[in-house]
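Report on one structure; see the data block that follows.
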Number of protein chains: 2
Amino acid sequence: MASKGVNINGDRLNSTLQSTCSQWGALSTGTGMCRLTLTQEDKEVRDWLVKECQSLGCDVKVDQMGNIFAIRPGKEKGRKAIAMGSHLDTQPAGGRYDGILGVQAALEVLRTLHENKIETHCPIALIDWTNEEGARFPGAMMASGVWSQKSTTPLEACWALQDKEGVHMKDALEQTGYLGTTSCDHRENGLECHFELHIEQGPILEKEGKSVGVVTSVQGMKWFAIRVEGTEGHSGTTPMAGRADALVTASRLITAVRDAALKTELGVATVGVIQSDTSSQATIPAGVNFIIDVRCSTDDMVEQLAAAIFAEFDNITAQEKNRTSYKIERSWGLPETIFHQHCVESVRASAIRLVGENQVMDMKSRAGHDSAWTSRVCPTSIIFVPSKDGISHNPNEFTSEEDCALGAQTLLDAMLYYDRKVESGVF
Amino acid sequence: MASKGVNINGDRLNSTLQSTCSQWGALSTGTGMCRLTLTQEDKEVRDWLVKECQSLGCDVKVDQMGNIFAIRPGKEKGRKAIAMGSHLDTQPAGGRYDGILGVQAALEVLRTLHENKIETHCPIALIDWTNEEGARFPGAMMASGVWSQKSTTPLEACWALQDKEGVHMKDALEQTGYLGTTSCDHRENGLECHFELHIEQGPILEKEGKSVGVVTSVQGMKWFAIRVEGTEGHSGTTPMAGRADALVTASRLITAVRDAALKTELGVATVGVIQSDTSSQATIPAGVNFIIDVRCSTDDMVEQLAAAIFAEFDNITAQEKNRTSYKIERSWGLPETIFHQHCVESVRASAIRLVGENQVMDMKSRAGHDSAWTSRVCPTSIIFVPSKDGISHNPNEFTSEEDCALGAQTLLDAMLYYDRKVESGVF
């Protein structure tokens with residue numbers, strides 16, 4: 001791999017990524033990570049990132065959702081920035097690449113521009129989006145959603161969310177020093193376009209023997225927070241026949257979620273989170289909460305799969321003689337996304353120039369990304385690099401140093417390609 | 001209701017019970033209680049109890065499991081005490097009567113003996129058994145089990161147990177000041193016999209129109225801590241077909257627990273506690289823990305029902321192609337109990353004298369009680385009073401002031417009956 005222009009430093013990218021992961025949020029064994037958003041680990045890596053970007057001559061703004069915008073000025077004053085964004089937070093038992101690679105690659109791009117004294121036409125922004133994982137405060141890609149003004153969960157509703165310990169998101173922002181004053185609204189703090197380097201989190205590139213994925217779309221997703229209610233009682237003295245056991249009903253519903261996805265073949269459906277009101281082995285549970293995650297190629301298919309799931313829910317509660325009931329307490333989602341042709345062209349052309357046409361393929365993303373929200377308000381696309389065995393949200397998540405470097409080089413080249421097209425008036 | 005001997009004060013019993021519940025552990029509405037063992041609320045009601053008993057001339061000992069023994073001396077020095085024991089802790093959403101009535105009634109008995117200056121032959125003990133509910137540290141009737149030396153969970157294993165916040169039981173004992181020095185072993189700190197007043201926690205007395213239940217046995221119980229393991233993965237990128245979702249399997253197993261109990265009609269089986277490793281909606285759960293509570297009239301039936309449940313577990317994991325697995329991490333239990341004829345006779349005779357034969361019935365307890373453990377090492381029995389609608393482990397748990405008073409009077413009379421029989425050499 002050799003760029004015809006400026007070259008990123010793959011060793012520096014890798015050593016920075018590994019050392020910051022070791023320092024902030026590493027699990028005790030292997031390369032597993034637990035860096036939940038706005039925790040002490042997340043605060044410290046953010047503080048480090050801000051200093052690094054400032055040392056490269058960037059202006060740093062923090063918005064009301066804690067999103068960090070580090071902006072390297074361009075020749076054209078007052079112009080919106082070409083952005084490279086992703087996230088530094090992880091799942092509770094995640095890896096070192098999902099999100100983190102995108103931000104670290106963006107930093108490597110800034111370092112490369114700086115040491116090569118390259119002047120771009122547009123300003124260049126690195127963005128760290130807050131709470132992409134939604135693992136601490138429920139709602140994935142939360143802060144890019146607020147910024148886009150297209151999410152159904154606006155700023156105040158996000159601020160009011162609580163983690164498992166009852167900490168409000170606004171307080172977590174304040175306590176870490178990341179409750180910024182910049183408006184979290186693309187209309188007041190806009191971007192020229194948004195690129196994101198991300199690991200595939202699936203097995204396709206590896207299986208097809210390709211190095212770079214040009215992501216042209218993201219599947220539609222919807223989440224449903226479900227509450228099941230029954231009647232509490234003593235596990236020893238309440239006869240089986242008359243029980244209204246919320247956990248038995250919830251168990252049947254969770255099984256039905258999986259079965260509906262298998263049967264309809266419309267997409268995937270998962271229950272990742274469950275919580276019961278009781279913590280006593282001797283009490284019949286009266287209340288259970290869980291969240292359903294539904295994802296399909298199109299929004300129509302998402303609706304169809306959700307309808308199949310809830311039809312089965314109604315069957316089950318009827319079979320349970322309606323002693324227990326369920327309700328959908330909240331639903332939110334990310335509509336299907338088609339990326340902008342200018343960004344897709346920038347990525348595709350850059351990747352092909354780097355590794356040749358047969359190492360590059362167009363693909364769809366099955367995971368949600370901040371880019372799906374930015375895409376609603378500015379030209380956007382994603383660059384995928386391979387994930388070993390397709391594993392992600394798992395400490396065994398792995399992408400080789402070479403693939404990370406190739407991704408970062410593609411990011412730099414795509415961004416410069418786009419910048420030249422803007423300068424020449426083509427985009 | 002009028003005793004032919006000494007009369008307890010029902011108003012005083014009720015006002016003391018209600019006011020101490022309001023002060024220590026009351027939920028915000030109604031008469032619901034959350035007084036988990038060895039919390040601040042539990043410490044404060046214990047401190048109050050100790051002072052009350054001391055003011056009545058009792059010696060107070062605290063053992064290594066925090067069990068409180070308040071002993072009023074008898075005429076015969078060096079004799080073991082006739083005990084009245086129960087527990088002051090509750091479920092996380094429990095009521096004011098389960099356990100609490102037994103201790104408050106024992107205190108009312110001590111007050112009555114004191115104000116009437118009654119000298120008994122044997123010493124009389126009030127006991128508050130620690131962690132009867134097992135709601136904070138898993139394992140119901142834990143500390144009476146240790147005292148009896150018959151439980152499969154000995155002292156050190158109990159001390160090492162952790163609550164949901166990771167606090168060890170030994171530290172909780174120490175922090176509240178209830179890590180006593182008296183040996184938690186009936187061989188070193190024994191009792192003459194043990195009576196317990198308790199609410200029925202079932203609907204039978206109410207349905208049959210009876211006032212007092214003479215409990216002659218307790219059904220057998222066994223608990224199983226289950227761990228289900230699968231493979232973590234991204235909820236968007238992992239195809240449905242290859243998944244090893246621990247929560248889907250756990251859900252099928254939990255449903256099977258209920259179905260096996262319904263089908264075999266051997267007894268009751270309940271899953272009250274569930275916990276998943278993941279707190280992320282976008283992650284396929286890799287590990288789920290839950291506890292099965294099995295109760296039947298006999299130990300044989302408990303074994304049969306457990307066998308039926310685990311046979312179905314094996315079917316289900318085979319159907320899931322053994323991608324997920326389950327294991328029994330720990331099992332513990334309480335064997336079936338037949339109460340001692342001397343104690344049963346004392347309760348039956350006293351109750352019949354108070355309210356007449358047709359208001360009294362023999363019965364079996366379907367809930368576990370500390371008395372089931374004491375019964376293994378000293379004569380024991382339980383007095384039941386009615387539970388409104390059979391409801392328990394629920395804020396709506398209720399027993400009328402009159403029924404509470406009748407129970408306390410029966411407790412006093414039974415204890416004095418037993419004492420006279422000991423004095424006259426019959427028992």
Side-chain angles (χ1 to χ4, degrees), chain A residues 91-93 133-136 138 140 164 200-202 219 221 223 231-241 243 245 247-248 250-252 254-255 257-258 261-262 268-274 276-286 288 291 293 295 366-368 390-394, chain B residues 91-93 133-136 138 140 164 200-202 219 221 223 231-241 243 245 247-248 250-252 254-255 257-258 261-262 268-274 276-286 288 291 293 295 366-368 390-394:
Chain A
Q91 290 288 322
E133 295 292 358
R136 180 174 175 198
K164 282 202 292 186
E200 181 197 338
Q201 304 182 274
Q219 65 182 355
M221 303 170 199
W223 298 280
T231 308
E232 210 157 59
H234 190 290
S235 65
T237 60
T238 313
M240 292 307 297
R243 292 185 176 199
D245 186 324
L247 182 56
V248 169
S251 294
R252 294 192 62 189
I254 290 167
T255 308
V257 168
R258 191 271 305 260
L262 274 175
V268 292
T270 311
V271 176
V273 175
I274 184 169
S276 167
D277 291 0
T278 180
S279 57
S280 159
Q281 70 187 44
T283 300
I284 299 166
V288 174
I291 297 175
D293 172 312
R295 309 191 188 208
R366 296 182 186 281
I391 293 172
S392 177
H393 287 195
N394 185 305
Chain B
Q91 291 288 322
E133 296 291 358
R136 180 173 174 198
K164 284 203 292 187
E200 181 199 336
Q201 306 183 274
Q219 65 183 354
M221 306 171 198
W223 296 279
T231 308
E232 210 157 59
H234 190 291
S235 65
T237 60
T238 313
M240 293 307 296
R243 292 184 176 199
D245 186 324
L247 182 56
V248 168
S251 294
R252 294 192 62 189
I254 290 167
T255 308
V257 168
R258 192 273 305 259
L262 275 176
V268 292
T270 311
V271 176
V273 175
I274 183 170
S276 167
D277 291 0
T278 181
S279 58
S280 159
Q281 68 186 48
T283 299
I284 298 167
V288 174
I291 297 175
D293 172 312
R295 309 190 187 207
R366 297 182 186 282
I391 293 171
S392 177
H393 287 196
N394 184 306

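Proteins come first, then strands; the chains are lettered A, B, ... in the order of their sequence lines, and each starts at number 1.
- A donor-acceptor pair under 3.5 Å links the side-chain atoms of A:H393 to the main chain of B:A282, judged by distance alone.
- If you take CE on A:M240 and CG on B:L262, they are separated by 5.0 Å, rounding to the nearest 0.5 Å.
- To the nearest 0.5 angstrom, B:T237 atom OG1 is 10.0 Å from A:I391 atom CD1.
- The heavy-atom pair separating B:G236 from A:V268 by the smallest distance is O-CG2, 4.0 Å.
- The line from CZ of A:R366 to NE2 of B:H234 is 12.0 Å long, rounded to the nearest 0.5 Å.
- Ranked by heavy-atom pairs under 4.5 Å with chain A, the first of B:I274, B:V257, B:D245 is B:I274.
- Nearest heavy-atom pair across A:T270 and B:T283 is CG2-O, 4.3 Å.
- With chain B as the partner, the residue from A:G202, A:A140, A:A367 showing the most heavy-atom pairs under 4.5 Å is A:A367.
- Within the 4.5 angstrom heavy-atom criterion, no atom of A:R136 approaches chain B.
- Most heavy-atom pairs under 4.5 Å with chain A, from the set B:P285, B:A250, B:G368: that is B:P285.
- Of the listed residues A:G390, A:S279, A:A135, the one with more heavy-atom pairs under 4.5 angstrom with chain B than any other is A:S279.
- For A:A269, the part sitting under 4.5 Å from any heavy atom of chain B is the backbone (N, CA, C, O) and nothing else.
- Taking B:Q281 as the reference, nothing meets the side-chain hydrogen bond (donor to acceptor under 3.5 Å, both in side chains) condition, with sequence neighbours excluded.
- Contacts of A:I291 with chain B are made by side-chain atoms alone, with heavy-atom separations under 4.5 Å and no backbone atom involved.
- Only the side chain of A:R295 comes within contact range of chain B, judged by heavy atoms closer than 4.5 Å.
- Top candidate by heavy-atom pairs under 4.5 Å with chain B, chosen from A:P92, A:G272, A:P138, is A:G272.
- By the side-chain hydrogen bond (donor to acceptor under 3.5 Å, both in side chains) test, B:Q219 is found to be paired with no residue, residues two or more places apart in sequence or in another chain being considered.
- Side chain to side chain, B:S251 and A:R258 fail the donor-acceptor criterion of an N or O pair below 3.5 Å.
- Within the 4.5 angstrom heavy-atom criterion, atoms from both the backbone and the side chain of A:Q201 approach chain B.
- Taken to the nearest 0.5 Å, the OG1 atom of A:T238 stands 9.5 Å off from the CG atom of B:N394.
- Between the CD1 atom in A:I254 and the CG atom in B:L247 there is a gap of 4.5 Å [rounded to 0.5 Å].
- Your options are B:R243, B:K164, B:E133, B:E200, and the one with the most heavy-atom pairs under 4.5 Å with chain A is B:R243.
- Contact record, B:V273 with A:S280: CG2-C, 3.4 Å, taken as the closest heavy-atom pair.
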